[in-house]
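All of these numbers come straight from a predicted model, not from anything done at the bench.
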Amino acid sequence: MACRRPDPAQGPAHDVPTFVEMVKDERTCMFTSVDADGTIISRPMAVQKVDDDGTLWFMAFADSPKIDQLAMHPQVNIAFVSGTSWVSASGTGELVDDVAKKKELWNPFAQAWFQQEPESPEVALIRVNVTGGEFWDSPSKPAQLFGMVKGAVTKQRPDGENAKLDLA
């Protein structure tokens with residue numbers, strides 16, 4: 001996941017392509033939702049697709065707790081980690097009843113995981129509309145080590161980037 005700071009001169013509209021570029025090749029993320037009692041719950045989930053507008057698509061078993069959680073509290077957080085880069089995105093999740101979309105997103109991994117056909121009512125389709133986020137990027141491991149030593153000696157913070165993303 002290659003991170004790059006959004007160009008402030010281009011405004012927030014530039015952030016969506018930046019977000020898409022950062023996460024488009026990531027297959028797994030941590031999907032966080034809120035339970036009925038307010039407990040925050042995270043679990044790894046496979047990203048089925050990232051649309052050009054930043055929409056994220058997932059599949060889950062229709063009877064899984066996350067489906068009820070989304071109905072009660074649609075607020076979610078999606079976190080990606082890759083090497084020396086991190087992306088955290090917030091938004092709303094919703095159940096989508098669209099067999100054609102499930103068929104479009106179906107792949108060998110989904111077949112192996114669900115042991116169903118995409119049109120099965122036991123397979124739920126989740127759309128996450130991302131509204132904001134943030135990313136962190138640091139140099140390679142050797143550069144991090146050098147930066148830590150340099151920072152300890154010079155009393156300056158090691159190199160790295162951090163930026164907020166406006167995706168609404």
Side-chain angles (χ1 to χ4, degrees), residues 1-3 5-6 12-13 15-138 160-168:
M1 174 174 26
C3 292
R5 185 177 299 279
D15 292 357
V16 170
T18 300
F19 172 76
V20 171
E21 183 65 27
M22 286 188 288
V23 302
K24 71 178 182 182
D25 294 327
E26 299 303 316
R27 291 296 136 231
T28 306
C29 67
M30 290 301 288
F31 185 107
T32 303
S33 56
V34 182
D35 206 358
D37 66 358
T39 303
I40 297 170
I41 301 170
S42 297
R43 83 279 289 152
M45 287 190 68
V47 180
Q48 298 301 316
K49 184 178 181 190
V50 179
D51 288 343
D52 289 341
D53 67 357
T55 300
L56 300 170
W57 293 94
F58 300 90
M59 290 183 191
F61 284 103
D63 63 352
S64 69
K66 72 183 77 58
I67 301 302
D68 291 335
Q69 292 163 2
L70 292 175
M72 290 181 284
H73 302 283
Q75 298 79 19
V76 298
N77 183 270
I78 310 297
F80 297 90
V81 177
S82 179
T84 59
S85 301
W86 301 266
V87 176
S88 175
S90 56
T92 56
E94 64 182 309
L95 189 62
V96 176
D97 185 15
D98 185 340
V99 172
K101 188 69 173 178
K102 285 197 287 187
K103 287 180 178 180
E104 172 194 330
L105 300 175
W106 202 252
N107 56 50
F109 177 79
Q111 180 64 45
W113 183 257
F114 292 103
Q115 297 291 308
Q116 304 283 332
E117 295 303 317
E119 48 274 73
S120 170
E122 294 178 36
V123 178
L125 182 62
I126 300 170
R127 175 177 53 215
V128 173
N129 301 305
V130 178
T131 56
E134 193 163 354
F135 77 83
W136 299 262
D137 194 18
S138 62
E161 282 192 75
N162 172 237
K164 292 198 181 295
L165 298 167
D166 184 356
L167 304 166

Are F109 and R27 close enough, and set up right, to give a side-chain contact (heavy atoms from CB on, under 4.5 Å), and what steps lead you there?
-> CA-CA 11 Å; F109 177 79; R27 291 296 136 231; over 6 Å; no

Can you list the steps and then say if K101 with K49 is a side-chain contact (heavy atoms from CB on, under 4.5 Å)?
-> CA-CA 11 Å; K101 188 69 173 178; K49 184 178 181 190; 4.1 Å; yes

Verify side-chain contact (heavy atoms from CB on, under 4.5 Å) between L125 and M59, making sure each step is shown before the conclusion.
-> CA-CA 5 Å; L125 182 62; M59 290 183 191; 4.3 Å; yes

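The minimum heavy-atom distance between A60 and M45, with the atom names listed, is CB-CE, 4.4 Å. The shortest non-hydrogen separation linking A62 to P121 is CB-O, 3.3 Å. When every heavy atom of V130 is checked against every heavy atom of A89, the shortest pair comes out as CG1-CB, 3.7 Å.
The line from CE of M30 to CD1 of I78 is 10.0 Å long, rounded to the nearest 0.5 Å. Atoms CG and CZ, on L56 and R127 in that order, are 11.5 Å from each other to the nearest 0.5 Å. Q111 CD to Q116 CD: the interatomic distance, rounded to the nearest 0.5 Å, is 8.5 Å. A distance of 10.5 Å separates NZ of K103 from CG of D98, quoted to the nearest 0.5 Å. The OG atom of S85 lies 9.0 Å from the CE atom of M22; values are rounded to the nearest 0.5 Å. To the nearest 0.5 Å, the span separating OG on S64 from CD1 on I126 amounts to 6.5 Å.
Counting heavy-atom neighbours within 6.0 Å of I41 CD1, excluding the residue itself, gives a total above 12. Heavy-atom neighbours of E104 CD from other residues, nucleotides or ligands within 6.0 Å: above the threshold of 12.
Residues N77 and S90 bring no donor and acceptor atom of their side chains to less than 3.5 Å of each other.
Checking side-chain atoms of D35 against main-chain N and O of D37 turns up no donor-acceptor pair under 3.5 Å. A donor-acceptor distance shorter than 3.5 angstrom exists from the side chain of K102 to the backbone of V123, with no hydrogens or angles considered.
Under the 30°/60° scheme for interplanar angles, the aromatic rings of F61 and W113 are found to be tilted.
When the options D52, V47, D53 are evaluated for a side chain to side chain contact (heavy atoms under 4.5 Å, CB included) with V50, the one that passes is V47.
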